[in-house]
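Note on naming: letters A, B, ... go to the chains in the order of the sequence lines (proteins, then strands), and numbering restarts at 1 for each one. Model, not experiment: these values are computed from the prediction.
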Amino acid sequence: MIKVPQLSNTSYLIRQLPAPTAFIDTNYNIVQTSDKWTSIFNKNNECYNSNSLFAVFPNLSHKWKMVLENCFNGSPQPMGIHKAIDCDGQELWFEWTNAPWYDVNENIVGAIIQLSNVTDAVNNELELNKKELLLQQQAEITKIGRWEYNIIDNQLIWCSTTKAIHEVPLNFNPNIDNALFYYKEGHSRNAISMALFEAQNKGKAWSNLKLQIITAKGKEKWVMAGGKPIYNKGEMVGLIGTFQDIHEQVEADIKTIDNEKLLRTLIDNLPVNVYIKDTESRKVLINKAECEYLGANDPKEILGKSDFELYPYEAAEKSRKEDLKVMNTLIPVIGKEIKKTTLNGNVTSFLSSKIPLLNNNGIAYGIVGISLDISKLKEKEKELRNIINIASVQNKKLLNFAHIVSHNLRSHSANFSMLLNFLEIEKDENEKTKIVEMMKKASNSLLETLDNLNEVVSINTNTNIEIKEVSLNDKLTDANQNLSSFLSNNNAIIENNIPVNFKVRSVPAYLDSILTNFITNAVKYKHPDRQAVVKLSAENDGEYSVLTITDNGLGIDLEKYGEKLFGMYKTFHEHKDSRGIGLYLTKNQIDAMNGKIEVKSEVGKGTEFKIFFNEKN
Amino acid sequence: MKKISDITIIDDDAITVFGLRKLISSSVECNAIESYANGKIAINAMTDFFNNKQHIPEIIFLDINMPIMDGWEFLEAFIKLPIKEKIRINIVTSSIDPLDYKQWEYYKNKSHHLITFNQKPIDRNKITEITQVA
């Protein structure tokens with residue numbers, strides 16, 4: 001006989017049950033549910049009565065059929081925790097319990113299923129598992145291990161990562177003593193012992209302690225240890241903490257620091273200026289040499305500044321343009337010769353290189369500049385060039401002089417040889433006397449030539465000529481006195497416009513000779529139609545003291561004779577005293593004092609000589 | 001001995017002029033030996049001869065280093081005179097400056113006159129040689 005549950009007015013009572021409850025018959029059909037059940041699973045609160053349990057919960061395992069069958073036989077079994085979807089589509093976790101449903105005759109007519117919502121608990125547990133997993137993974141990735149110390153039962157627990165860092169097997173049982181023992185003797189062990197003591201006695205936490213341990217396998221390692229007390233009801237019950245393997249970082253850091261130091265030592269001691277600029281051409285790194293060059297005591301005074309703050313505007317703009325070109329084209333500038341002027345006016349010659357600094361994407365983020373100070377080299381080069389110039393001028397002069405000497409000596413010796421030949425064959429006594437007269441003349445003129453040459457040689461070979469400050473007016477007075485009879489015989493006037501106390505730097509004897517020569521020439525070549533007037537004036541143009549001697553004489557055709565004016569034995573006027581040696585000697589003397597001569601002349605009007613005395617001697 | 005009508009010496013050195021005169025007069029028969037102390041006086045005289053259609057000396061002894069106008073300047077001016085005759089110009093110098101030698105080559109090629117370059121001292125043989133070639 002099939003027992004059918006008797007539904008009576010008890011159904012009203014069932015509906016009011018506080019837990020979600022369902023009554024099913026032995027065919028698994030839902031006969032009655034509590035309102036709570038209905039509200040969870042039935043939309044619009046409609047009743048599922050007479051629906052099959054398995055139709056309502058299609059996901060329920062069929063093994064439940066067996067469980068429920070057992071229940072129908074009077075021996076209910078636990079059904080466990082299962083997921084179900086409520087009418088809003090939400091996932092809920094329930095713990096399912098069942099009990100046989102008896103009718104009034106103690107016959108089992110079905111089963112009572114009761115659910116208890118354990119969603120929160122399950123979620124919490126899942127969350128916990130997840131966290132546990134995360135922590136585990138985090139520990140493995142970051143090499144941060146954990147430890148826990150229980151003060152009450154003096155128990156220390158290490159997580160697997162902590163054990164791995166110590167290189168101990170997973171079944172190793174740490175305690176507070178051997179844990180401390182792993183720390184390296186000395187600073188590390190002292191520091192951790194102190195931290196532990198302070199934590200236990202004063203409740204102080206510690207963190208970021210960089211210490212060294214020696215692992216079970218004898219390896220030295222850098223670790224970062226942290227820990228803090230935990231309390232239960234206000235009482236310290238233990239300590240928890242982290243334990244991180246930072247060996248690679250520390251080693252890398254140490255290496256980085258070493259590398260930086262090496263680099264710094266290197267660039268600071270290089271005999272070149274080194275700097276790094278960012279994309280805005282601001283200096284972000286400079287070495288000692290660059291710092292000193294820019295006149296700063298501390299690189300901080302320079303860092304962050306652009307060329308516009310360190311150099312005159314025009315130079316800065318030029319340099320900035322070059323920086324941009326290097327960063328845009330990525331083509332470095334190598335060994336370019338430049339002249340730099342700092343704001344305080346120091347001029348330095350550099351061999352300058354600018355190399356683009358590239359990031360990982362091949363884009364320039366600045367430039368490295370290397371400048372080699374070649375001012376001294378340039379100076380030497382200039383000096384050398386000067387010396388070469390002087391040498392070549394001297395060589396030319398020497399060659400010219402050699403030709404002059406050879407010419408003059410040869411012409412005299414030729415005369416001698418010719419006259420001697422005559423004398424040899426001459427019979428006429430009168431003629432003989434004449435020839436001997438000629439030979440005397442030739443001999444005198446040879447002596448004179450030798451004197452002249454000797455004078456030229458002494459001017460050019462006397463390297464340590466003594467240049468002094470000489471009063472120009474004093475020397476002019478001397479010259480006037482020496483020439484007084486010559487001047488009065490020629491009825492010449494000397495007009496002195498030289499400032500009082502005007503001084504020139506000259507060899508005193510040379511100045512005598514210069515004044516005498518120019519005044520003599522001016523008077524000697526005076527214009528026949530007028531009185532000779534020689535005007536002298538002087539001024540200083542900074543580098544030179546300039547003596548100007550102007551005459552109103554015959555003048556010289558400079559276009560014709562300009563090149564030969566200061567040549568030896570060159571004369572340009574028919575005059576019985578012309579020897580062609582005065583101007584040549586004067587020119588040599590002025591050259592020997594690093595001076596120069598300028599000349600202006602107009603035929604028939606007069607000549608103006610400017611003699612430049614070098615004031616930098 | 002070939003007869004030469006006129007010989008001119010241009011030199012500022014009195015001894016050389018004396019010697020040349022002595023050598024020429026003893027080895028060549030000629031009408032007149034003129035001498036000038038520098039190029040300027042000489043070229044003025046030559047220009048006058050030319051303008052007055054007078055005889056230009058057949059042989060000229062020319063010094064290089066002279067005041068006011070030197071031998072080269074004289075030559076420069078002389079070859080500009082449109083003289084049809086071939087004048088024998090003998091440069092007589094004691095210079096060994098290669099530059100002077102170059103100057104001689106320049107004028108030699110530039111002019112139809114016969115220009116020779118002679119180192120001092122000049123002896124009798126040289127004079128004979130010079131005067132005979134003409």
Interface moiety of Leu99(B) toward chain A, non-hydrogen atoms closer than 4.5 Å: neither

Counting only heavy atoms not in Lys535(A), do more than 12 fall under 6.0 Å of its NZ? no

Mind ranking Arg124(B), Lys22(B), Glu73(B), Lys120(B) by heavy-atom pairs under 4.5 Å with chain A and telling me who comes out on top? Lys22(B)

Using a cut-off of under 4.5 Å for heavy-atom pairs, which of Met439(A), Met418(A), Lys434(A), His412(A) has the most such pairs with chain B? Met418(A)

Value for CG (Leu583(A)) from CG (Asn588(A)), rounded to nearest 0.5 Å, stands at 11.0 Å

Which atoms of Glu426(A) approach chain B - backbone, side chain, both or neither, heavy atom under 4.5 Å: side chain

So for Asp123(B), is it side chain, backbone, both, or neither that comes closer than 4.5 Å to the heavy atoms of chain A? neither

Taking atom NZ as the centre, does Lys110(B) end up with more than 12 heavy-atom neighbours from other residues, nucleotides or ligands that are less than 6.0 angstrom away? yes

Could you state the interatomic distance from CZ (Arg410(A)) to OG (Ser417(A)), rounded to the nearest 0.5 Å? 10.5 Å

Measure Leu399(A) against the heavy atoms of chain B and call it side chain, backbone, both or neither at under 4.5 Å. neither

Sorted by chain and number, sequence neighbours left out, side-chain hydrogen bond (donor to acceptor under 3.5 Å, both in side chains) with Asn415(A) holds for Asp13(B), Thr16(B)

With a 4.5 angstrom heavy-atom cut-off, is it the side chain or the backbone of Ser411(A) that approaches chain B, or both, or neither? both

Pair Asn118(B), Thr116(B): side-chain N/O donor-acceptor within cut-off below 3.5 Å: yes

